[in-house]
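Remarks on the structure that follows.
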Amino acid sequence: MDMDSFELGDLANPRCYTEPLDIGGCDPVLLRAQLRMMLLIRRVEEKIGDMLAAQKIPTPCHLGIGQEAIAVGVSEYLRPTDRVFGAHRSHAHFLALGGEVTALMAEILGRDAGCSRGMGGSMHLWGGSVGFFGSVPIVAGTVPLAVGAALAAKKDGESAVAVVYLGDGAAEEGSIHESLNLAAVWKLPVLFVCENNLFSSHMHISLRQPSNRVARYAEAHCIQAATVDGNDLVVVSRTSDDMVAAMRDGGGPRFLEVVTYRWRGHVGYREDNDVGVNRSTDLTLWKRRDPIRRLVDALTMAGGWDNHAFHAMDEAVKTEVEKAWQQAETAPYPPASALLDRVYAERH
Amino acid sequence: MDMDSFELGDLANPRCYTEPLDIGGCDPVLLRAQLRMMLLIRRVEEKIGDMLAAQKIPTPCHLGIGQEAIAVGVSEYLRPTDRVFGAHRSHAHFLALGGEVTALMAEILGRDAGCSRGMGGSMHLWGGSVGFFGSVPIVAGTVPLAVGAALAAKKDGESAVAVVYLGDGAAEEGSIHESLNLAAVWKLPVLFVCENNLFSSHMHISLRQPSNRVARYAEAHCIQAATVDGNDLVVVSRTSDDMVAAMRDGGGPRFLEVVTYRWRGHVGYREDNDVGVNRSTDLTLWKRRDPIRRLVDALTMAGGWDNHAFHAMDEAVKTEVEKAWQQAETAPYPPASALLDRVYAERH
Amino acid sequence: MQSGIDMARVNYGSAIREAFVYLLDRYPKVFVIGQGLWAKWYVGNSMTDLDKFYGTERIMDSPVSELACTGAAVGASLCGYRPIVVHPRMDFMLYAMDAIVNQAAKWSHMVGGQAHPAVTIRGIINRGGEQGAQHSQALHAWFAHIPGLRVVMPATPQDARDLLIASVLCDDPVLYLDDRWLYELEEDLPPVVECPLEQEGSRVVSRGDDVTLVGAGYSAWLCREAAAALQQRSISAEVIDLRVLNPLDVSTVIQSVEKTGRLCVVDGSWSSCGLAGEVIARVSETLSPRKLLGAPVRITLPDAPAPTSGFLEKLYYPTLDTIMETVARLVIREGVHAKAVD
Amino acid sequence: MQSGIDMARVNYGSAIREAFVYLLDRYPKVFVIGQGLWAKWYVGNSMTDLDKFYGTERIMDSPVSELACTGAAVGASLCGYRPIVVHPRMDFMLYAMDAIVNQAAKWSHMVGGQAHPAVTIRGIINRGGEQGAQHSQALHAWFAHIPGLRVVMPATPQDARDLLIASVLCDDPVLYLDDRWLYELEEDLPPVVECPLEQEGSRVVSRGDDVTLVGAGYSAWLCREAAAALQQRSISAEVIDLRVLNPLDVSTVIQSVEKTGRLCVVDGSWSSCGLAGEVIARVSETLSPRKLLGAPVRITLPDAPAPTSGFLEKLYYPTLDTIMETVARLVIREGVHAKAVD
Ligand SMILES: Cc1ncc(C[n+]2csc(CCOP(=O)(O)OP(=O)(O)O)c2C)c(N)n1
Ligand SMILES: Cc1ncc(C[n+]2csc(CCOP(=O)(O)OP(=O)(O)O)c2C)c(N)n1
Ligand SMILES: [Mg+2]
Ligand SMILES: [Mg+2]
């Protein structure tokens, strides 16, 4: 057995992959739109972090700051008819598909205007119109559901695909393996996006698995897999484009492992919310592998882009975020009847 | 990814591996003892089959006729302090460790003298004194338990090992993968013996998994694995000897995939109890890969052994089996109080 | 029977099959997934040759992966399909609890009523025959405990057919729990008339005055048989078949006990936090104690896993005799002709 | 308090920790496995720094694999160890049901009483705080339904400590279910005296004549608080803490209701096939209806998954007010000083 391919190597080394992205051949208009989306996600999550710190948000929030390139890259080639599932850390997954910032904020505040009508909070997001089929906090809970959505897509015969985001920790749940097998044996159009941020809450992957490259599981299930730098928007976009295209053509499932790092603690706004393994040195280094900064640097080097343009974009984004927050904050709670009326379909 | 190593190739081809075993370097006394054990298992299961046909046994029985070399080979190097777990098809696992024929027969008949005191029948065997920790019919149910037994063994620090038999079908349960990961990351002395008989009840492995070599899963979990002819007693013995020795030395878990074929249907005495895939041609061929016949041929070729010796052995075995059956048949049922007295430990 | 209605004699097992045929013929979004669907022996006669008629794409036999298969059905249901997951024994469903209880049961509520997993999960109760503790469970009470799930338990061939159809056409996740011990039961069935599951509930299946006998599934059948036999002893039992266990409707039971003053609930599973206790609790909390001529009684399994030995199995499962003796004692204890006071 | 006995004030969370310390100090075969054991926030203050004192080999934090970890603990228990599996939320245990219900609960019975999985499975009830439907469940009724399991639910710091010790020293599989809402509750604890779990059962925790209030875990605490408050309204409530839910002992409840004639059961989980109904059923089937001054009442969750929005959470969980109003209605409806007839 070739154990080398089981290790991430440099991909897990925060000293590597810190240079500006290679954007050769990319459409600059698209890149800027993607940059704006990454920035929006970051500012939204920073705002949520601030509001958590200010104790304005009671619901538990899992921030993905530092991981923005993944959702943005993966979503680029998805259509509203595709079926995307998330998990506990899914703000980015929702937003990158075009989910509304206000609906997210309102949801986090438990308001009726929330994307899940205030019934779910940060850990339960829904966005039917943009193809976001739902995120829930039971680890790996949505993975078999995504396989079923892919089965439905295959039955529909209209080249839609299913996508599910899962973590390196989720890969330890048995249902992932059952799901990989079903997807493989039934050749289903499902893209497993494994956001390998090396941690499952406070536990580093080295304490949980015998090697750190999660895609080895997919390969054992004969699923074509790729492991790439999750902080490189261009690589993530291209790889998922290829994979999604192959899936639409009946090529069966794919597994995309994207190596990244989260800047905040497992839950909440703090950076130091992980114990057991000292993250702080690594975190400092990983911040240099910032997916946003690396794209900005590349754009700047390529010309037609400068600090000024960036700040203008950033200000616009921040304004949008503030406005959304204010709207959300004043939105009403769900009616008391929601408690019983939303349990079954018929009671509507 | 090297997909070749994902396929069984000739190991799954019943036209291959039909010649007499290579017994060079083996101890002939040991070989004859092993032959006797294989023969005992076969005759016991044939007897059970006959009694099923005669409707003398109501409990469901899963016969492993054709697969005898595996349990006999694996058990050779185990000690009573080791911890062995089985599943639904475990008569051989129990007997090969030295479990008493009468206790097995009585158990199958639901008698108090049974190895599980009549509470379990064929699918729930227990043999504490020989290190058989239990078999139960929930597919994969015992696999995590064996991991725990290995954890206990490691904590004991006395080089005992745990062994668990599982099927190719069981490998589709997520708990197997969770178990492999725990065994790998905690370096536990557990031997996973995967009896790959290519079927899970009526379903051929090609309908259930994208490739037919199950050991690929273990490799993905960084567990050293071997895939061998399960109908070759010598190869099974040697490989498990090596693996168990390494495990006793703290080498961590091992995965032994043994390719075989069962001669009877999934459950019951009939040969034709599998539908969906036509087995009959294959079955005729697989009978030529008979683990007993191949050893007998090898012994005969090596000299000091002949048809006469074989028949004498066989007669002795048959007499033993008949006697055991008769004893079992006249043994009493558990008392009515067993229903409630055996639920909790304290009521004894 | 009204003339003009086509009646056909079928047994419970083939009535289930008729429901599958009905659904698969008319609803292209229906498909079936589970273990043993291409085998002859897993699910009795309840699905014979469906794979031959509808193809293996709509009748999907599966790997041994209860959790992912159930979850996949939930996921497909969120995309407009109406999958039926088949678990040939309820015991196997213990692997699938996350998909059923954490996901399907809660999905609609969690997402604000904007999506509904219209999945049917068929769990077969398959006891006896010396199969032992891991192949004998009837866990309907668990599912009846969980809001968001609907649970049906047919006791007759007609219900076996019609409740399966209603389950699959319902927009909520439904546990459809049938019992192998009923598969030979025969009945003349009229043509199918679709009925919304939400409108189905418990039903009085035979009238009586002295005692109310309540059960679901096989236990409801036992109750009917017991009532017939009690007739000979001049005890007039009213029998109620619960049919739908979640949301549980006990209005018929309450009306009946108001009349009879006596309640005996039969359930082929365990007592503690089980279905029989729930019925007794609902009656007790609703009716004034003065309406009762005696303490209600339940007949359930002993507090033990299922044994294997046939000898012990006979002691383990409630029988007609158990019910008749219990009812006779209940009625005689308080005098047959006592009447409740207000 | 008797002099000479060393009392120490601890809260519920640290009382649990004391039990761990007690066990780990004295019993080398005890070890702990589960998620979050090396973190600071998963299990409140109930296990702080145990890994530092006893090492990571005895306090094993684990991969996210509930089923295999639970099964591994069952397996280790069959080899003479006394493992404690920790599930920081009961919701996660839905993945582990096979190991608990098919394996641990049935093992002794299946093998003829020749081996016993002496495993303790700690499930934490961790509700509220806008965590939503998948992070709020209290599934004790499920485990109380399964013969072969023991289920304890401590309501006080002393029970939190002593019942954990008793659970681990018991030879059977035990579900130890503690509640995060109790972690701050303080009590003066005497030194540990080991007591066999089989001898533990329900307990009258405060005496009264007008009504019997029954609960377990946090609900028992609510009942005690309610009784104290009802005192002010001249209603004298007897409070019973069930403590052990399986096997469930309701003798104290029955004696009490015989005296008070009125029963109110509080449970922080769902009603249908739940614990509160079970208590009502047992009382109803044991006592003559004439002993009751009114129909028994239960206070449970509404038939809905837990909502997230704090606004809805407030409506969702039973409170002191709910109990007081219900009890007042129950007592006043039938007149405080009515007495039961025989
Ligand atoms: C079934 C279950 N077990 C445990 C948890 C607690 N938990 C929440 S998130 C998490 C870590 C998951 O790690 P990973 O999948 O890598 O995602 P990440 O947090 O790194 O994004 C854990 C253990 C849970 N929510 N559900
Ligand atoms: C959880 C569970 N699912 C399904 C079954 C039904 N079942 C019993 S044995 C079996 C086949 C298992 O195949 P494999 O593991 O290859 O073992 P083999 O029968 O070939 O020895 C199945 C599906 C079961 N007993 N338990
Ligand atoms: Mg992670
Ligand atoms: Mg097999």
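As the structure is a prediction and not an experimental result, all values here were calculated from the model. Order of the sequence lines sets the chain letters (A, B, ...), proteins ahead of strands, with each chain counted from 1.
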*Test side chain to side chain contact (heavy atoms under 4.5 Å, CB included) on M119(A) and M110(C) and set out the steps.*
CA-CA 5 Å; M119(A) 302 305 282; M110(C) 289 188 299; 5.8 Å; no
*Decide yes or no on side chain to side chain contact (heavy atoms under 4.5 Å, CB included) for K29(C) and D156(A), but give the supporting numbers first.*
CA-CA 9 Å; K29(C) 293 289 188 182; D156(A) 287 341; 3.3 Å; yes
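Between Q103(C) and G141(A), the shortest heavy-atom contact is NE2-CA, 3.5 Å. Across all non-hydrogen atoms, the minimal contact from F133(A) to L78(C) is CE2-O, 3.4 Å.
Counting heavy atoms from C-beta on, the side chains of Y81(C) and L151(A) never come closer than 4.5 Å.
Contact annotation for S62(C): both backbone and side-chain heavy atoms come within less than 4.5 Å of a heavy atom of chain A. When heavy atoms are compared at a cutoff of 4.5 Å, Y95(C) does not approach chain A at all. Interface residue K155(A): backbone and side-chain heavy atoms are both found under 4.5 Å from chain C. Contact of D171(C) with chain A is made through backbone and side chain together, with heavy-atom distances under 4.5 Å.
With hydrogens and angles disregarded, no donor-acceptor distance shorter than 3.5 Å links the side chain of S175(A) to the backbone of A68(C). Under the 3.5 Å distance criterion, the side-chain polar atoms of E178(A) are left unmatched by any main-chain donor or acceptor of P63(C). A distance-only check finds a donor-acceptor pair linking the side chain of Y344(A) to the backbone of L149(C) [under 3.5 Å].
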